[in-house]
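Since the structure comes first, as structure tokens, the remarks are kept for the end.
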Amino acid sequence: VAELLLANRPDGELPLKGLNVLLTAGPTQEPLDPVRFLTNHSTGKMGYALAEQARDLGAQVTLVSGPVALEAPYGVDTIAVTTAQDMLDVVQSRFADADITIMAAAVGDFRPAEQSQDKIKKNGRSTIELELMSNPDILAWAGKHKRANQMLCGFAMETRDLETNAAKKLASKHCDMLVANNLRTPGAGFATDTNVVTVLTPNMGAERKSPIMEHWEKMGKDVLARRILNRLAAMRAESLYQ
Ligand code: C5P
């Protein structure tokens, strides 16, 4: 129904017109000392593609980005952050206004328990122990605090048992959509311009049933971004008519 409603909008009216879209993208960096940090291979490409497409579909876009080599997209309110805690702080301050939130950032699960003020020296040691503590889960926070008409989408990168793990994430983080990609699939994952994903949505009216899973073909991250956004806009429109 909602896809039809959106398709039949008056000429020139874009599907995300008047909506606020909040995005996270890129990696986080967790400092160990003034010169070193823990991070991952995320380039931010998927999140930035989402930002550009959301803007082109008419949304007001806020992009909360970890350190990446990409240029801030034109017309997008881009907020640069470094750590998971910084990213959480910004998301918490913007979340209430967001109609659609998509978290494509590869947030570090752990950070060094202590941050040394000075560079850590070798001091003749052949091993060194590093204590890590867990970072806040930003997506889980958003899932806990979202209102009924706020759409929330997470990403998941798995190296095994993709469907089982993604289904668990969709439910435990209270997402309306979860986009899962397998790091081992050719054309998927970090630093590529394409992605191969399985899209999970809750099986409405069937509590405790497994989610609906769609295997989407390999496509460019920009095309994928547009499809994800169009689907979320349709789901949101449908939720308003219920
Ligand atoms: O549990 P996992 O890290 O695989 O979940 C991935 C999803 O959760 C992504 O959407 C990611 O942006 C989000 N996430 C987050 N904060 C974390 C860890 C993951 O927002 N600390």
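Order of appearance sets the numbers: ligands from 1, and atoms from 1 within every ligand. What you see is a predicted model, and the numbers here were worked out from it, not measured in a lab.
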Write out the residue and atom name of the closest protein heavy atom to [atom], then the distance separating them to 0.1 Å.
{"atom": "atom 19 (C) of ligand 1", "value": "Lys173 NZ, 3.9 Å"}
{"atom": "atom 3 (O) of ligand 1", "value": "Asp109 OD1, 3.9 Å"}
{"atom": "atom 9 (C) of ligand 1", "value": "Phe155 O, 2.9 Å"}
{"atom": "atom 16 (N) of ligand 1", "value": "Ile138 N, 3.0 Å"}

- Would you kindly say whether Tyr48 and Ser65 are connected by a side-chain donor-acceptor distance under 3.5 Å? yes
- Compute whether any side-chain donor of one residue and acceptor of the other, for Glu30 and Asn135, lie under 3.5 angstrom apart. yes
- Query: Nearest heavy atom to atom 2 (P) of ligand 1: which of Lys169, Gln85, Lys168, Glu158 does it belong to?
  - Reply: Lys169
- Message: Any nitrogen or oxygen of Val107 lying under 3.5 Å from a nitrogen or oxygen in ligand 1? Just yes or no.
- Response: no
- Message: When you compare ligand 1 with Met103, is there at least one nitrogen or oxygen pair between them that comes in under 3.5 angstrom?
- Response: yes
- Query: Going by heavy atoms, is Asp137 under 4.0 Å from ligand 1?
  - Reply: yes
- Query: Does at least one non-hydrogen atom of Ala105 fall below 4.0 angstrom from an atom of ligand 1?
  - Reply: yes
- Under 3.5 Å, is there a donor-acceptor pair between the side chain of Asn182 and the main chain of Arg184? yes
Side-chain ion pair, [X] and [Y], N-O less than 4.0 Å:
{"X": "Asp161", "Y": "Lys168", "result": "no"}
{"X": "Asp176", "Y": "Lys146", "result": "yes"}
{"X": "Arg111", "Y": "Glu131", "result": "no"}

- Query: So do the side chains of Val199 and Arg227 get within less than 4.5 Å of each other, counting heavy atoms only?
  - Reply: no
- Query: Which atoms of ligand 1 sit under 4.0 Å from any heavy atom of Gly154?
  - Reply: 10 (O)
- Message: Does only the side chain of Leu139 get under 4.0 Å from ligand 1, or the backbone, or both, or neither? Count heavy atoms.
- Response: both
- ligand 1 contact on Pro136 by region, counting heavy-atom pairs under 4.0 Å: backbone
- Note on the structure: Output for pair (Tyr74 OH, Glu52 CD), nearest 0.5 Å, gives 13.0 Å
